[in-house]
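The model shown is predicted, which means the values in this text are computed figures rather than measured ones.
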Amino acid sequence: MTIRVLLADDQALLRGTFSMLFDATEDMETVGEASDGREAVELARTQRPDVVLMDIRMPEMDGLEATRLIGESEDLAGVKVLILTTFEDDEHVAEALRAGASGFLGKGARPEELLDAVRTVADGEALLSPSATRALITRFLAQPEPCLTAVPERLACLTPRERDVTGLVALGLSNDEIADRLFVSPLTAKTHVNRAMTKLAARDRAQLVVIAYQCGLVSPAADPSSMQAPA
């Protein structure tokens with residue numbers, strides 16, 4: 001299957017570079033280029049890409065608002081957003097995740113890292129596992145928005161194992177790492193993750209992470225290596 005990518009960046013040269021990269025890759029194609037957030041939303045509606053590669057800082061409408069509009073649209077439920085940012089100084093990452101982004105990547109990433117990131121997001125996963133990304137999420141979710149409902153009520157729909165798995169996802173563990181921690185198969189771990197996402201109405205793993213932090217299931221200071229495997 002060919003992954004359809006929409007590029008949203010106000011720098012024409014950067015869009016052109018990304019477009020050549022994707023079009024030269026066997027399993028990807030560029031289906032549109034937007035120079036601002038408003039155009040990105042319009043093209044998302046007409047082109048129905050699998051992934052929008054979204055810059056944050058753009059004129060007219062920034063990438064955060066565009067991501068929010070895409071995330072709120074039922075017609076665009078299958079469209080994933082991968083935010084382009086810098087790991088060191090972009091304080092909009094947490095807001096981007098809350099808006100519905102499936103992950104983020106630094107503009108200094110190598111071409112193969114960018115291609116892998118697009119494949120990861122298109123496959124329904126979230127780009128949350130690298131240690132630098134995990135540290136950044138911890139930093140900006142340290143003071144999360146209050147959970148809209150009481151924690152016990154919000155998480156009561158989860159089984160104990162699903163709560164455990166959700167907590168491990170929030171700490172940045174992959175399905176394979178969760179499987180090792182809980183002594184189950186990767187397929188079983190993925191099944192628990194998918195059930196938790198469905199019950200909590202999370203679009204993907206990124207939103208599952210946000211919910212876990214917002215509801216206090218995981219402490220921002222938590223370290224996956226210190227978390228004991230449930231019995």
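- Note that CG of N194 and CG of L208 are 10.0 Å apart. Values are rounded to the nearest 0.5 Å.
- Residue P49 is tested with L6, L76, V5 for a side chain to side chain contact (heavy atoms under 4.5 Å, CB included); the sole match is L6.
- Without hydrogens or angle criteria, S73 side chain to L69 main chain gives no donor-acceptor distance under 3.5 Å.
- Side chain of D62 to main chain of I56: no donor-acceptor pair is present (N/O by atom type, distance under 3.5 Å, no hydrogens or angles).
- Rounding to the nearest 0.5 Å gives a distance of 8.0 Å between OG1 of T159 and CZ of R161.
- At least one donor-acceptor pair under 3.5 Å links the side chain of R48 to the backbone N or O of D75.
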Side chain to side chain contact (heavy atoms under 4.5 Å, CB included) for L182 and H192? Distances and angles first, verdict last. CA-CA 11 Å; L182 301 181; H192 287 311; 5.7 Å; no

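- The heavy-atom pair separating M28 from T2 by the smallest distance is C-CG2, 3.8 Å.
- Here the CG atom belonging to L115 is positioned 4.5 Å from the CG atom belonging to L21, to the nearest 0.5 angstrom.
- Between R4 and V51 there is no side-chain heavy-atom pair separated by less than 4.5 Å.
- Scanning all heavy atoms of the two residues, the minimum distance from F18 to L53 falls at CD1-CD2, 3.9 Å.
- Considering CZ of R181 and CD of E177, their distance stands at 8.0 Å, rounded to 0.5 Å.
- The heavy-atom pair separating E33 from E39 by the smallest distance is O-OE2, 3.6 Å.
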Just do the side chain to side chain contact (heavy atoms under 4.5 Å, CB included) check on E60 and S35 with the steps written out, would you? CA-CA 9 Å; E60 298 296 328; S35 59; over 6 Å; no

Going through the checks in order, is the side chain to side chain contact (heavy atoms under 4.5 Å, CB included) test met by L155 and L200? CA-CA 8 Å; L155 302 178; L200 295 175; 4.2 Å; yes

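- Between D55 and K107 there is a salt bridge, with a side-chain nitrogen of the basic residue lying less than 4.0 Å from a carboxylate oxygen of the acidic one.
- Formation of a donor-acceptor pair under 3.5 Å by the T67 side chain with backbone atoms of G63 is found in this model.
- By the side chain to side chain donor-acceptor pair (under 3.5 Å) test, E65 is found to be paired with R68, residues two or more places apart in sequence or in another chain being considered.
- Here the straight-line distance linking atom CD1 of I211 with atom CG of L217 works out to 10.5 Å at 0.5 Å rounding.
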Please assess R195 against V165 for the test side chain to side chain contact (heavy atoms under 4.5 Å, CB included), listing each intermediate value before the final yes or no. CA-CA 10 Å; R195 286 175 179 170; V165 167; over 6 Å; no

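- Heavy-atom contacts from other residues, nucleotides or ligands closer than 6.0 Å to NZ of K199 number more than 12.
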